[in-house]
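For reference, the structure is listed below as C-alpha cells.
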Amino acid sequence: LLYYNFYIGVLFFIGFLYMVINNWKTTNIRRKEWTNYIQNLSLDIDETTKKAVMNLPIPLCILEFDGSITWYNGKFNTMIGEDDLLGVNIDDLIKNLNLRKVLNENKESISRRAGQELHVKYVLDLRDFPGQPVEKVLVHDYEQIVSDPEVDIVVEVMGGVEPAYTFVKKALLAGKNVCTSNKALVAKHGRELMDIAKEKSINFLFEASCGGGIPIIRVINSSLTGDEIDEVTGILNGTTNYMLYKMSTEGCEFDTVLKEAQQKGYAEADVEGYDACRKIAILSSLAYERYFDFEDIYTEGITKITPEDMEYAAKLGRTIKLLGTSRRLADGTCYAMVAPFMLGQNSPLYSVNDVFNAVFVHGNMLGDAMFYGSGAGKLPTASAVVGDIVDAAKHLHVNIVTNWNSTPAVLKPLDEVTGKFFVRIKKEAAEEAKKVFGDVEIISLGQLPQECAFITDEMTQGAFEEKLAQIGDQVLAK
C-alpha cells in the first residue's frame, strides 16, 4: 500500500509539472501572437502607446475575426453574469487610448476653448493595466462614476448597444452630460437618450458616431438650420471604400482585399452595409427632423461586387462606391437606402478614395456642399469626441437643441423609388434585353467574350424587377 501511494504521488507530481510547463509554453506562444498582432496593425498610435497595448493582460484565446480580437475572460462572467465570451474590438481599445492622447497633448488649448480646465477622473475597464498611466484613474465599478457628484461629463467609446445603453442612460438620469462615438447606440436609442438629456437640461452628444473626424452632425444641426435639406448622400465607411478602391485600381478579388484590410487592422469592414445603414439613419433623422429606424432602411453590401464589375465601370468612365443615401421628396415622403452605386466623374463623390469618407448635402438655399475627411482613423474620431466634450463643458446646464424628433419618417416603398440600373447578361441575350428594356446601349469587354452589359433608362425599382424577370435566366449580375 505504501509503494502504491508513493507511485500515485509521483504520477500526480509529474502531471502537475507537465501542466505548469505546458501553461508556460502556451503563455509565451500567446504573448508572441498578441505582440505580433499589434505590431502588424496599421494603428494611428505612437510607439509608446503601441507597447502599452502589447503589454496588456494576455488573452487566453486569441481568434481573428473581421479585424477584431475575441478572448475568453473568466472575470467577465463573475462580475456581470453574462456569457464567458467577451468580444473586445481592438478598434474601440485604441479609440479609448487615443482619446486620452488628444486630451493630454492638446490640454491647454482644449481647456482654453472649454472655458475651464478638464480632468479625466475615471476610466472604466474590466481589465487591469499595471504600470500604465491609466492605472491611477482606473475603476471596475460603473456605479463609482455615476454616483460621483464631481463628474459632469461621461464619455462612452465602448461600442455596441449593451452595456453602453444601460451605462449612458444611468449617467443621463444622474444629470451627467454624455459624449459618444457609438453609432449603434445612437441609431437605436438616440431619440430616447436625447429626450432624457433635454428633460435634465444637459446634453447627449454624438458627433463622432458618423464620418470619423468629419464634423457633419454639428453642421446639419446648427450651421445648416437656415436650409431645408432634401438630400444626404455619403461614403460612410472608410474600410469598405478602401476595399472598393483596391478592387478598382488593382483588380483584386473581394476575398483578397478583405483579408488585406483585416491585416491592416481596419476593424470596421462593413461588407454588408450595416455600419453605413446606422449612419445614414442618424444623419437623415437630423437632416429631415424625422425619426429614421435603421431596421426599415434597405441595405445591400459589397459582397457581390467582382473585378469584372469594376472593369465594366472603368469602360464606362465610372467607379463603384458603397453609398448611404436619403432624400426628402416634394410630397413629404422620404426614402433611404444603402447599396453599391456606379458613379460618373461628374459626381463629387467619384474621387473619394482609400479610407476617406465624404458626405454630400443638398439644401434649397445652400445648393450642393460636400464634407470630406478621414473616416477610418482613430485620432480623427478621438478629436471629434473631444469636440463634443468641449461643447458639453460650455453648456453644462443648458440643453443644445437637436433637430431630431420622434415623429417617424414616412418612407416611400422601395418599388416606387426611381433610378438607373446596371445589368450583366449572357452575350446571346443582348437583343432580347433591347426588346424588354428599350434601345439600351450594349457594353462589351474583350476579356469577357461570353457576356455583355447595359444600363437602363430611369425607372422605378418595381418596373425594373418586372422587366428583369422577363430575361431572368439570362441575367448574370445586377
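Just so it is clear, the model here is predicted, and its values are computed rather than measured. Residues: numbered from 1 along the sequence shown.
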If you take all heavy atoms of A287 and V232, which pair is closest and at what distance?
CB-CG2, 3.8 Å

If you define the side chain from C-beta out and look only at heavy atoms, does anything of T180 sit under 4.5 Å from F204?
yes

Residue pair D227, V361: steps toward the side chain to side chain contact (heavy atoms under 4.5 Å, CB included) verdict
CA-CA 11 Å; D227 265 81; V361 177; over 6 Å; no

In this structure, CG of L323 is separated from CG of N237 (nearest 0.5 Å) by 12.0 Å

What distance do N241 atom CG and N357 atom CG have between them, rounded to the nearest 0.5 Å?
7.5 Å

What heavy-atom pair brings R218 and E207 nearest, and what distance separates the two atoms?
N-OE1, 2.7 Å

Within the structure provided, determine whether L343 and R318 are in side-chain contact (heavy-atom separation under 4.5 Å).
no

Side-chain (T299) to main-chain (I297) donor-acceptor, under 3.5 angstrom
yes

Nearest 0.5 Å, what's the CG-CE distance between N399 and M194?
10.0 Å

So, the side chain of D415 versus the backbone of T460: is there a donor-acceptor pair under 3.5 Å, distance only?
no

Is the number of heavy atoms from other residues, nucleotides or ligands under 6.0 Å of Y245 OH greater than 12?
no

Euclidean distance, C210 SG relative to R278 CZ, rounded to 0.5 Å:
11.5 Å

Between K279 (side chain) and K183 (backbone), is there a donor-acceptor pair under 3.5 Å?
no

Using modelled atom types only, decide if a donor and an acceptor are shared between the side chain of N177 and the backbone of A392 within a distance under 3.5 Å.
no

Identify the two heavy atoms, one from D331 and one from K412, that lie closest to each other, and give their separation to 0.1 Å.
OD2-NZ, 3.9 Å

For Q461 and Y298, which I'm curious about, is there any donor-acceptor pair between the side chains at under 3.5 Å?
no

State, yes or no, whether a side-chain contact exists between T325 and M337 at a heavy-atom distance under 4.5 Å.
yes

Quick one: does any side-chain atom of N203 pair with a main-chain N or O of A393 as donor and acceptor, under 3.5 Å?
no

Do K321 and L349 come close enough that some side-chain heavy atom pair is under 4.5 Å?
no

Looking only at heavy atoms, which two atoms of V146 and K170 are closest? And how far apart?
CG2-O, 3.5 Å

Could you measure the distance from the CE atom of M342 to the OH atom of Y350? Nearest 0.5 Å is fine.
11.5 Å

Residues which pass ring-ring contact (aromatic ring centres under 6.0 Å, His included) with Y372, listed by chain and number, not counting sequence neighbours
F356

Taking the side chain as every heavy atom from C-beta outward, state whether L286 and T402 have any atom pair closer than 4.5 Å.
yes

Determine whether a donor-acceptor pair (N or O, by modelled atom type, separation under 3.5 Å) exists between the side chain of E228 and the backbone of D230.
no

Worked verdict on L193 versus K169 for side chain to side chain contact (heavy atoms under 4.5 Å, CB included):
CA-CA 7 Å; L193 298 173; K169 187 174 180 179; 4.1 Å; yes

Please indicate whether E150 has more than 12 foreign heavy atoms, meaning atoms of other residues, nucleotides or ligands, lying under 6.0 Å from its CD.
no

For the residue pair N403 and I220, what are the closest heavy atoms and their distance?
ND2-O, 3.7 Å

Apply side chain to side chain contact (heavy atoms under 4.5 Å, CB included) to Y165 and K188, showing your working.
CA-CA 9 Å; Y165 168 66; K188 189 170 182 63; over 6 Å; no

Taking only residues two or more places apart in sequence or in another chain, which ones pass salt bridge (charged side-chain N to carboxylate O under 4.0 Å, His left out) with K200?
none

Distance only, no hydrogens: is a donor on one side chain within 3.5 Å (strictly under) of an acceptor on the other, for N353 and K246?
no

CD/E199: more than 12 non-hydrogen atoms of other groups inside 6.0 Å:
no

So the ring pair (Phe, Tyr, Trp, His ring centres under 6.0 Å) pairs with at least one residue in residues 325-347 (sequence neighbours excluded) are none

Close side-chain approach of T249 to M310, heavy-atom, < 4.5 Å
no

Heavy-atom side-chain proximity of L396 to I153 below 4.5 angstrom
yes

Quick check: does any side chain N or O of S284 sit under 3.5 Å from a backbone N or O of I280, one acting as donor and the other as acceptor?
yes

CA sep, side-chain torsions, deciding dist, call: Y122, D148, side chain to side chain contact (heavy atoms under 4.5 Å, CB included):
CA-CA 10 Å; Y122 301 110; D148 189 336; 2.6 Å; yes

Point-to-point distance, once rounded to the nearest 0.5 Å, from CG of L172 to CD1 of I202:
5.0 Å

Heavy-atom distance under 4.5 Å between the side chains of F254 and V271, does that happen here?
yes

K259 bridged to D255 by N-O distance under 4.0 Å
no

Are S326 and Y288 linked by a side-chain donor-acceptor pair shorter than 3.5 Å?
yes

What are the two closest non-hydrogen atoms of I320 and P340, and how far apart are they?
CG2-CB, 4.1 Å

